[in-house]
Amino acid sequence: TSQPSHQPPASRKVFIPRSALIPAPVKTTNFSTKQIYFCPVPNNRYYNPKIIASLLKLGAPVVAGNVGLGLMGLIDNAMVGSLGYVPLAAAGISNTVYFSITIFGIGVLMVFSANIAAEQTQKEAETENLIGASLLINVLVSIFTFVVLLIVYHNFGIFDQTDTVTNAALPYLKLLIYSSWPMFLY
């Protein structure tokens, strides 16, 4: 019996007619008359460049905050990396523990940014009540996160690290824990 060859087939030139590369105008009820190069732009009420620009302007601070939060651990590890593997392991486990717990609080509090922005666009009197309620929940979430971080700090042995890594990680984790208050209240 002959066994199939596992070699790829010889390359063949594919002929594409020139008329296929020239865009053609499209006129339908769902799209405006435009030259289609990659994707047509829908002509509907949801595509409004002013609304998209205002959404990007509104979301830019949230995106910048999340990018900064993620880069903080990366920069910490980059700075500590030249000190050796024990400090790098300590910074890595501390950042992982810290961000794994604080991401809960950040996710809860991001909801309020969107709700307050929606209320302000409608110019309703409920905005002040919403800001007050979000501040109260912000304080409660920061207290909850702080307590959970302290519990993890005092039970750091559950991560089964060596004594040298644990001894190097605990002071850094303690610093991160106490920095969570300003982060959440900001």
Side-chain angles (χ1 to χ4, degrees), residues 3-8 38-39 51-121 126-186:
Q3 295 184 0
S5 172
H6 292 290
Q7 296 196 2
F38 180 70
C39 180
I51 292 174
I52 292 172
S54 67
L55 286 174
L56 291 174
K57 186 177 173 182
L58 182 66
V62 175
V63 170
N66 287 333
V67 168
L69 188 65
L71 288 176
M72 190 171 75
L74 178 70
I75 292 170
D76 288 344
N77 288 339
M79 292 176 63
V80 172
S82 63
L83 299 176
Y85 68 89
V86 172
L88 181 60
I93 190 74
S94 297
N95 282 327
T96 301
V97 167
Y98 176 74
F99 289 122
S100 297
I101 294 170
T102 56
I103 200 72
F104 164 75
I106 292 167
V108 169
L109 299 178
M110 286 179 74
V111 172
F112 292 108
S113 301
N115 287 340
I116 290 172
E119 287 291 326
Q120 284 181 337
T121 59
E126 293 292 319
T127 305
E128 290 179 16
N129 294 338
L130 188 61
I131 291 173
S134 68
L135 184 61
L136 174 67
I137 291 175
N138 192 345
V139 170
L140 293 175
V141 166
S142 64
I143 290 171
F144 174 76
T145 306
F146 182 76
V147 168
V148 170
L149 283 167
L150 282 178
I151 290 170
V152 170
Y153 175 82
H154 290 294
N155 297 300
F156 198 77
I158 62 173
F159 298 111
D160 198 29
Q161 299 295 312
T162 63
D163 290 339
T164 55
V165 171
T166 300
N167 292 337
L170 286 177
Y172 180 60
L173 182 59
K174 190 175 193 178
L175 179 71
L176 287 175
I177 290 170
Y178 286 106
S179 72
S180 67
W181 284 93
M183 181 188 73
F184 277 117
L185 294 179
Y186 174 69

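FYI, the numbering just counts along the sequence from 1.
- In this structure, Phe159 places its CZ atom where more than 12 heavy-atom neighbours from other residues, nucleotides or ligands lie under 6.0 Å away.
- Of all the heavy atoms in Gly105 and Val141, the pair that sits closest is CA-CG1, 3.5 Å.
- Annotation: side chain of Asp76 is in contact with side chain of Tyr172 (closest heavy-atom distance under 4.5 Å).
- Smallest separation of non-hydrogen atoms from Val165 and Ala90: O-CB, 3.8 Å.
- A distance of 10.0 Å separates CG of Leu149 from OG of Ser100, quoted to the nearest 0.5 Å.
- In this structure the side chain of Leu83 never reaches within 4.5 angstrom of the side chain of Leu88, judged on heavy atoms.
- Counting only heavy atoms from C-beta outward, the side chains of Leu173 and Ile177 approach each other to under 4.5 Å.
- Closest of all the heavy-atom pairs between Thr145 and Thr102 is CG2-CG2, 3.8 Å.
- When the shell of 6.0 Å around CG of Asn155 is examined, it contains more than 12 heavy atoms from other residues, nucleotides or ligands.
- Here the closest non-hydrogen pair linking Ser179 and Pro182 is O-CD, 3.2 Å.
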> Would Phe156 and Ile93 count as a side chain to side chain contact (heavy atoms under 4.5 Å, CB included) if you check the C-alpha gap in whole Å, the side-chain angles of each, and the deciding distance to 0.1 Å?
Replying inline: CA-CA 10 Å; Phe156 198 77; Ile93 190 74; 3.8 Å; yes

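- Thr96 approaches Gly92 most closely through the heavy-atom pair OG1-O, 2.8 Å.
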> Could you walk me through whether Leu176 and Phe99 pass the side chain to side chain contact (heavy atoms under 4.5 Å, CB included) check?
Replying inline: CA-CA 10 Å; Leu176 287 175; Phe99 289 122; over 6 Å; no

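- Between the NE2 atom in His154 and the CG atom in Leu170 there is a gap of 9.5 Å [rounded to 0.5 Å].
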>> For a side chain to side chain contact (heavy atoms under 4.5 Å, CB included) check, start with the C-alpha distance between Ile101 and Val152, then their side-chain angles and the critical distance, and finish with the verdict.
In response: CA-CA 9 Å; Ile101 294 170; Val152 170; 3.6 Å; yes

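- Once rounded to the nearest 0.5 Å, the distance linking NZ of Lys174 with OG of Ser94 reads 13.0 Å.
- Screening Tyr153, Tyr98, Trp181 against Phe146 for a ring pair (Phe, Tyr, Trp, His ring centres under 6.0 Å) leaves a single residue, Trp181.
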>> Walk me through whether Leu140 and Leu136 qualify under side chain to side chain contact (heavy atoms under 4.5 Å, CB included).
In response: CA-CA 6 Å; Leu140 293 175; Leu136 174 67; 4.3 Å; yes

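- Looking at Asn138, its side chain never comes within 3.5 Å of a backbone N or O of Ser134 through a donor-acceptor pair.
- Among all heavy-atom pairs drawn from Ser54 and Ile51, the shortest one is OG-O, 2.8 Å.
- Between Ile106 and Met183, some side-chain heavy-atom pair lies under the 4.5 Å cut-off.
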